[in-house]
Every structure is written in structure tokens, then in C-alpha cells.
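These notes are about the structure you will find just below.
Because the structure is predicted, anything quoted here is derived from the model rather than measured.
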Amino acid sequence: MQRLRLAVVTCCFVSACGSPADPVCADVMFLELRTAEGLSPVAVLAAEEHTWASWGASDAHKDWRTKGGADDEQSRLTPFGRPLAKGSGARQQLVYTNPIETAKVNCIELALRLGGSAHARLSWWNEKASTWGHTSVRLPGGDELQVARFFPATEPSWSGTVSNLTIEPDWIVPHAYEIERVSFLNVGFQPGSCVDESTADGGLVQIGDSARRSWPATEDGPLFSHCRIPGEASLHVWVSVSSRSHRTRGYRCEVAVRESGDSWAVVGSKAVASDATAANWTKIRADLSSYANEEVALRFRVVAADDLDDNANQRALVLWASPIVAPASRGSSRPSIILVTLDTARADYVGDERVSPYIASLGASSTVFESTWSNTNMTLPAHASLFTGTYLRDHGAVSNRSVLESSHETLTEILRENGYWTVAAVSVDHVQANTGLGQGFCEFLLPEARAYGDGAITVSKALDALAWLADEDIPFFLWVHLYDPHSPYGPPESFMHEFESMKGEAVPPREVAPPTIPSTVDRSQPDYAWLEGISNDDHVEYLYAAGVSYADSLVKVLLESLDGVHNLEDCFVIITADHGEGLGDNGVWYRHTGLTPGIVRIPLIIGRPGVGEGSQVLSPVSLVDIAPTVLSQLGMGVPTQMLGVDMFTHSRDRDASQEPIWFEGARLQRVGLRTDRHHFSVRAKYLDQDAASLIKSGDYELREVLGSGDAGEGKPIRDSRLAIEYVDRLRKWRAKPERRKVERPMSAAEEEMLRALGY
């Protein structure tokens with residue numbers, strides 16, 4: 001798909017729903033900001049990199065010392081080029097003994113050697129605040145010299161003067177590395193995640209718990225844009241002082257307009273505090289109605305506040321985020337889109353009136369796709385397939401530690417290009433913006449630590465993020481991700497009482513004799529301590545159902561709140577899941593390993609504008625079909641790389657000759673397919689071996705679909721001939737070259753969280 005862009009302003013086109021021909025200009029413009037010379041401010045500031053100090057392996061420097069290792073004279077004189085290790089006992093540390101002025105240093109760079117991947121932790125003491133600060137980075141593996149950077153200035157405690165700067169290994173397993181060089185830098189600007197090279201923005205930069213698409217500026221560097229004002233319109237832009245600035249001054253950010261030959265007229269301004277402990281985004285709204293239909297220049301300038309002058313020699317780094325010009329009138333025919341993805345939600349629980357009554361009620365006015373399948377069994381890869389319309393073999397995000405590369409065009413990017421304000425609110429770290437899923441989002445609400453156990457936090461943040469759109473003629477795309485059905489099962493205690501009343505029965509006992517849960521469940525792992533004493537499968541299924549029911553109640557809060565402002569009858573509403581859950585399938589409990597029907601079958605309900613009657617679709621569909629369906633229904637072009645179809649106009653014929661549903665397990669270790677007759681999966685290694693190896697191992701799963709329209713488990717069968725036939729089909733399907741698989745750097749805390757969640 002060709003992106004519709006001007007040199008400075010992206011003019012967005014979109015057609016009314018259901019009318020793919022004759023697109024009309026939406027008059028919603030996302031501005032691109034440049035310096036007075038027409039340069040990218042990101043590139044200009046990123047080039048301002050200064051080395052304050054640097055020490056290498058050949059240096060003998062009295063300001064560094066090692067702790068926890070061999071305390072000989074040589075290690076004190078030359079701490080670089082020596083192993084820094086963490087073992088079963090105390091870890092070794094490299095300590096800088098002099099104080100550091102944080103105004104001069106906002107980046108610590110390490111050049112080091114290591115054999116495999118590891119983590120490094122940076123900590124420091126802030127005497128004024130009487131607190132330790134810390135941050136960590138994941139180090140890539142490899143024998144060659146590696147370079148890693150810490151950005152401690154993202155932490156509030158990196159302010160004033162700090163001391164006892166300490167570098168040490170930070171991981172739960174023993175590992176070691178050798179530091180060849182340490183450099184203290186001052187970097188003018190470090191871009192955030194998901195940088196859009198076509199607009200030269202600085203990516204999604206986090207301030208507080210919200211990341212926004214930003215352009216950096218300083219007091220001596222105003223930014224500019226220009227556009228034709230579309231009738232009565234307003235400009236919206238968010239500002240904040242970068243957390244890496246840590247200035248103590250206050251600033252005024254102002255927007256000015258100038259017609260040809262006229263002087264600048266300030267149309268909007270806001271005072272912005274620079275206290276990093278209270279960092280937030282501040283919105284500026286400017287009325288541009290007096291410039292209707294005129295070509296104007298726009299200036300975005302930072303001015304120091306007159307009454308706060310204690311650091312006049314320090315230059316602020318201010319972020320201008322997501323500037324947009326939009327018509328002030330109401331009555332747009334463009335439908336907004338609400339996408340809710342429920343983590344680990346089985347199709348036989350979501351939509352069940354006894355478990356999820358609200359979502360079930362939506363079926364009366366929506367299309368329910370009874371045979372919907374995830375293309376994988378892990379969260380990040382599933383969402384990558386949803387947003388790109390491609391399979392794991394194509395997009396390369398094969399685990400929760402992966403990153404979706406920017407070369408993929410996503411549903412979100414296309415919607416933003418067509419005038420949609422795009423917002424994401426997620427509940428866990430492994431689907432946050434830096435996974436690549438942030439591509440195309442104007443605002444990405446980062447998950448709070450408690451949100452994985454209570455999605456009410458995520459829903460509240462999503463509603464707050466959309467509040468400003470109540471009086472604006474701007475269509476939006478909102479993605480909300482809820483983690484509540486995932487293990488450990490069970491909603492907040494207050495809802496548990498409500499669920500017991502709804503079910504009319506109390507929680508079944510944890511234990512039963514004889515046990516109905518196999519002893520293969522590993523209760524010894526610390527992360528699964530909550531399983532201690534459980535032997536009753538009824539207890540487990542009850543708690544899982546309660547978690548699904550709580551998610552259902554959150555969907556109700558979200559949609560009913562939005563309906564009061566935006567009228568859901570005029571919106572696309574999509575409710576689905578990333579994958580299902582084992583609940584005993586093939587002996588799998590508390591997890592979603594494998595590609596059995598219960599793990600890859602998911603719910604899908606789509607409500608469309610102007611369609612008030614419910615319907616059911618029995619033809620099989622999958623996650624890769626969602627993006628093409630949305631784009632087709634909006635009358636937008638579908639990129640050729642998207643492999644799915646419009647589910648409303650291209651329903652699959654359940655004939656054996658038709659394309660099956662394809663599955664790929666996490667890390668591409670298992671593959672499978674579903675036809676009108678069978679559900680089949682096998683270890684991927686057998687695609688490269690002869691048929692005899694497969695038959696001898698018996699390491700495949702084959703189920704017979706019970707009949708037309710059946711989306712259930714199916715009857716397990718053993719049939720060598722069919723197994724060989726399906727392996728051959730899978731081999732041919734996967735014959736195209738795979739994309740490079742990329743893993744993103746993760747902090748030790750993120751790794752620990754993934755392990756705690758069972759990954």
C-alpha cells in the first residue's frame with residue numbers, strides 16, 4: 001500500500017463504511033514538525049552527543065574499583081578487561097567512586113565481551129533524596145565486542161548529584177562478562193520505540209505511564225509545519241519536558257500561526273513543569289476557525305518561564321507529541337473502531353450466557369464467528385498476526401521475547417494514515433509498545449504492574465485517554481488488551497462473591513479423592529505456588545470461568561461508557577482473543593502449550609455500523625483475517641502482504657480443496673492445520689524428515705472433525721496415511737523462506753515477569 005503523504009503534512013483519506021469507491025478527504029491532518037531549515041529535529045538533536053569521560057582496559061584509573069571479587073592490587077588499578085561475574089554467592093561489582101553531576105551525563109555506555117545473553121544492572125545513590133536508583137539492560141550474545149547503553153535519566157532519582165555508581169551482573173542464573181570500556185555521555189535525544197522513518201518522528205516516547213509519538217525541541221530551536229486549515233478546525237498537541245532533561249525550571253510552550261506576509265499570532269499556550277517526579281503530558285488546544293480554508297504556517301516554540309530562573313544556563317528538551325488538525329464540526333460518517341483482545345480466552349467460555357452474559361448479549365446485534373482460530377498459541381505472536389494479517393513465518397515475531405520489525409505495515413499504521421486517532425491500552429509488558437506492536441499508535445498506555453491481575457486499571461486508563469475526543473470530529477481506533485482470564489486464575493475477591501451469586505454455587509473444593517488433575521502438574525515451581533493442594537479439576541475450571549466472567553464485566557464497563565459518548569451503533573466493535581487455554585487438553589493444565597483445538601480456538605464477535613441484527617458464520621476464519629476485514633469494510637486498500645480475507649464477503653467454503661486454517665506454535669516448534677475433516681499438528685522437525693520417522697515416533701496429533709460447522713475438539717484418531725498427507729501439505733505451505741526472527745532487549749524485571757506468568 002502506498003502511503004499518502006505530503007512533505008510536511010500527512011493528508012488522510014478515508015471512505016464511508018461500506019462504500020469502497022470514491023474516497024473523500026477526512027480533513028484530519030497529522031502534522032510533521034521540522035526545524036526552520038526543514039531538517040528533522042530528531043536527527044539534529046541525536047547528533048548532539050558529547051563524551052564527558054571514558055575509561056578503557058588499557059587505563060589505570062583510581063576512580064574505579066571492584067567489589068566482591070579478587071581484591072588484589074591489580075584489580076584495583078585496572079578493573080577493566082577482567083571478568084565481572086554473578087555466581088551462587090556474592091556478585092562482583094564495578095564501582096565509580098566519584099560523584100556525578102547528572103545534568104552533564106544522561107547515558108552510560110558499556111563496551112563488553114560475553115559468551116551468551118546476560119543482563120547488566122546500573123545503580124546509584126542520591127544523597128539528597130536518600131534513595132537508590134537503578135535500571136538494567138539485556139545484553140545480546142556473541143563473542144565479539146558488544147555495546148550497550150543505559151539511560152538512567154529516565155529514573156527520577158537521576159537528578160542533582162549522585163554517587164556510588166555501580167555496574168553489576170543482574171540475572172537469576174550465573175553468568176559473567178568482561179567490560180572493556182565505560183563511557184559517560186550526554187546524548188541530545190534518544191528516540192523512543194516504533195520510530196516512523198517516513199515522518200521523521202522520535203517514536204513513542206514515554207512520559208509517566210503514557211508513550212506518545214513525539215518530536216523533540218529546545219528553547220533555541222522552534223519547530224514548524226504548514227497546512228491548509230480545513231474550514232472551522234482546531235489544533236491539538238501534547239507537550240512535556242523530557243524525563244532526561246531533569247531541569248528545575250518551568251517552561252511555556254506556545255503554538256503560533258502566520259498567514260503569508262503576516263506576523264506570528266499565538267493561538268495556544270500552556271505552562272509545563274519540569275519536575276521529573278510529576279512528569280506528565282499537557283494538552284494544548286488551539287482554535288483555528290479564523291483561518292478557515294487558508295494556507296498557514298505553524299510554529300511550536302518553547303519559552304522559559306520568567307519566574308523560575310535558577311538554572312538559566314541549562315537547556316530544556318521539550319517533546320511535542322501527536323500534533324493534529326481536525327475539523328470542529330460533528331457528524332462524521334467514519335466509524336470508530338474498538339478492538340478488545342482477551343488473553344487466554346477459550347471460545348467455549350466467552351459468549352456462554354452463564355459465564356460471560358454481556359458478551360453473549362452482543363451477539364443479538366453482531367456477527368458471531370463460531371469457528372475462529374488463532375494462528376498460534378502465544379500472546380505477542382498472535383497479536384502480531386492480528387495486526388499484520390500474516391503468519392509467524394512471515395512476520396518473525398515467534399515468542400513473547402520477540403519484536404515485530406518496522407518493515408511490516410500494520411492495521412494501526414493504515415488507520416492512522418487514513419485519519420484515525422489510534423490508542424492502545426494493554427495489561428502486560430510483553431505486548432507493550434517496544435515489542436513493535438506500537439507501530440502506528442498516536443498514544444500507547446503502558447501497563448501498570450497490577451493490571452495483569454485486574455484489567456479495571458487498563459479500562460479506566462483507556463477511557464481517560466479518549467475523553468478529549470468527546471467533542472471532536474475525529475474517528476478513533478482503540479485497542480484494549482485484558483489479561484484477566486490468564487493464570488493464576490480468579491478475579492479480584494470482590495467480584496468472586498458476585499460470580500458465586502451469578503452461578504448459584506460456591507467454589508468447588510480444592511482437593512478431591514481420587515485426584516482429577518494429573519500429577520504431571522509441576523507445583524514445585526515458585527511461580528506456581530498457588531497450585532499447592534489443588535487436585536480437583538472442577539475447582540480449576542470454576543476459577544478460570546470466574547476470570548473470564550470478570551473480563552466480561554470489564555468489557556461491559558468499557559463499551560457502555562463509550563456508548564454514552566460515541567454511540568456504539570456507529571462503531572466497529574471487535575472482541576476476540578489471542579489464544580485459548582489447555583484446561584486438561586492432552587494433559588495440559590494452567591498453560592497453553594500445543595496446538596489442540598481448545599488452545600487455538602478463540603471467540604470472535606464483530607459489530608458493524610448500521611447492522612443491528614445478529615448473525616452466525618460457521619465458515620472457519622482466523623486472526624490473519626481481522627485486519628483485511630476491517631480495511632475492506634472501511635473501503636480502504638488491503639496491502640498485498642496481508643494474507644487474510646474479508647470475512648464478510650469471502651467466507652471460506654468448507655470444502656477439502658479450500659485453503660485450511662494454518663497454525664504455528666511458539667518459536668515455530670510445532671505446526672498444524674485444520675480442514676473441514678481434520679485437526680492436525682506435529683513437531684516442526686518432522687517436516688524435514690522422512691515419513692518413516694514420523695510414523696515410528698507417533699509424535700503427531702490428529703482429530704476427526706465431527707461434521708459441517710463443527711468447531712469443537714473432535715475425535716482423536718491414529719491414521720498414518722493422513723498424517724503423512726498433512727505433513728506434506730504443511731511442508732509445501734512453509735516452503736517459502738522465513739523472515740529473520742528478532743528478539744528485543746529485555747530488562748531483568750521483564751524476564752522475571754515472563755517467567756512468573758508461565759513463559
Side-chain angles (χ1 to χ4, degrees), residues 117 119 136-138 140-141 171-173 193-194 341-345 374-388 390-406 408 410 424-439 444 446-449 451-453 455 458 479-488 525 527-528 576-582 588 590-595 599-600 602 623 663-671 684 738-759:
S117 62
H119 290 86
S136 60
V137 295
R138 182 181 180 186
W171 207 7
I172 62 172
V173 298
S193 58
C194 299
T341 56
L342 307 175
D343 209 296
T344 321
S374 175
N375 304 106
T376 187
N377 61 348
M378 191 168 277
T379 302
L380 172 56
H383 283 93
S385 287
L386 187 159
F387 283 110
T388 65
T390 63
Y391 300 98
L392 276 66
R393 61 167 194 187
D394 303 300
H395 59 63
V398 300
S399 79
N400 284 340
R401 293 169 172 81
S402 297
V403 60
L404 177 66
E405 291 188 282
S406 60
H408 294 283
T410 65
V426 301
S427 298
V428 287
D429 285 337
H430 51 275
V431 287
Q432 64 175 305
N434 66 4
T435 64
L437 295 181
Q439 296 176 48
F444 205 105
L446 279 71
E448 292 190 18
Y452 82 92
T458 304
W479 169 38
V480 174
H481 165 262
L482 299 175
Y483 199 70
D484 301 87
H486 197 283
S487 63
Q525 299 182 50
D527 300 335
Y528 279 73
T576 189
D578 52 355
H579 52 73
E581 180 72 318
V588 175
Y590 314 108
R591 295 179 182 266
H592 35 85
T593 55
L595 297 173
I599 289 173
V600 290
I602 55 175
L623 284 178
F663 312 115
E664 293 171 292
R667 302 180 186 86
L668 304 179
Q669 292 177 347
R670 196 169 187 88
V671 292
E738 295 178 7
R739 292 184 58 90
R740 180 169 62 95
K741 296 178 282 294
V742 179
E743 285 202 350
R744 65 188 177 96
M746 300 182 74
S747 69
E750 287 179 296
E751 287 279 7
E752 185 176 348
M753 174 62 80
L754 281 179
R755 284 188 291 273
L757 297 175
Y759 295 105

> Any idea which heavy atoms bring L482 and S427 closest together, and the distance?
Replying inline: CA-OG, 3.9 Å
> Does any non-hydrogen side-chain atom of N400 lie less than 4.5 Å from one of P381?
Replying inline: yes
> Are R591 and S487 close enough that some pair of their side-chain heavy atoms sits under 4.5 Å apart?
Replying inline: no
> Mind checking what makes ring-ring contact (aromatic ring centres under 6.0 Å, His included) contact with H481, not counting sequence neighbours?
Replying inline: H383
> So, does N377 use its side chain to make a donor-acceptor pair with the main chain of L595 at under 3.5 Å?
Replying inline: no
> What are the two closest heavy atoms between V398 and L392, and how far apart are they?
Replying inline: CA-CD2, 4.1 Å
> Is the backbone N or O of V403 less than 3.5 Å from a side-chain atom of T435, with the two atoms forming a donor-acceptor pair by type?
Replying inline: no
>> With a 4.5 Å cut-off on side-chain heavy atoms, are T410 and L404 touching?
In response: yes
>> Return the OG1 to CD1 distance between T576 and I602, rounded to the nearest 0.5 Å.
In response: 3.5 Å
> Under 4.5 Å between any side-chain heavy atoms of V428 and P447, yes or no?
Replying inline: no
> Which pair of heavy atoms, one from G396 and one from S402, lies closest together, and at what distance?
Replying inline: O-OG, 4.3 Å
> With side chains defined as the heavy atoms from C-beta onward, is the minimum distance between H579 and V600 less than 4.5 Å?
Replying inline: no
>> So, using side chain to side chain donor-acceptor pair (under 3.5 Å) as the criterion, who are the partners of Q439 when residues are at least two apart?
In response: none
> Who pairs with A382 by side-chain contact (heavy atoms from CB on, under 4.5 Å), at least two apart in sequence or on another chain?
Replying inline: S374, T376, D578, L623
>> Tell me the closest heavy-atom pair linking V431 and F444, and the distance in Å.
In response: O-CZ, 3.4 Å
>> To the nearest 0.5 Å, what is the distance between OG1 on T379 and NE2 on H592?
In response: 5.5 Å
> What pair of heavy atoms forms the shortest contact from T458 to A425, and how long is it?
Replying inline: CG2-O, 3.4 Å
>> I'd like to know if the side chain of D484 and the backbone of G455 have a donor-acceptor N/O pair within less than 3.5 Å.
In response: yes
>> Using side-chain heavy atoms (C-beta onward) and a distance below 4.5 Å, is V426 in contact with W479?
In response: yes
> For A384 and A397, which heavy atoms make the closest approach, and how far apart are they?
Replying inline: CB-CB, 4.0 Å
> If you round to the nearest 0.5 Å, how far is OG1 of T390 from NE2 of H395?
Replying inline: 5.0 Å
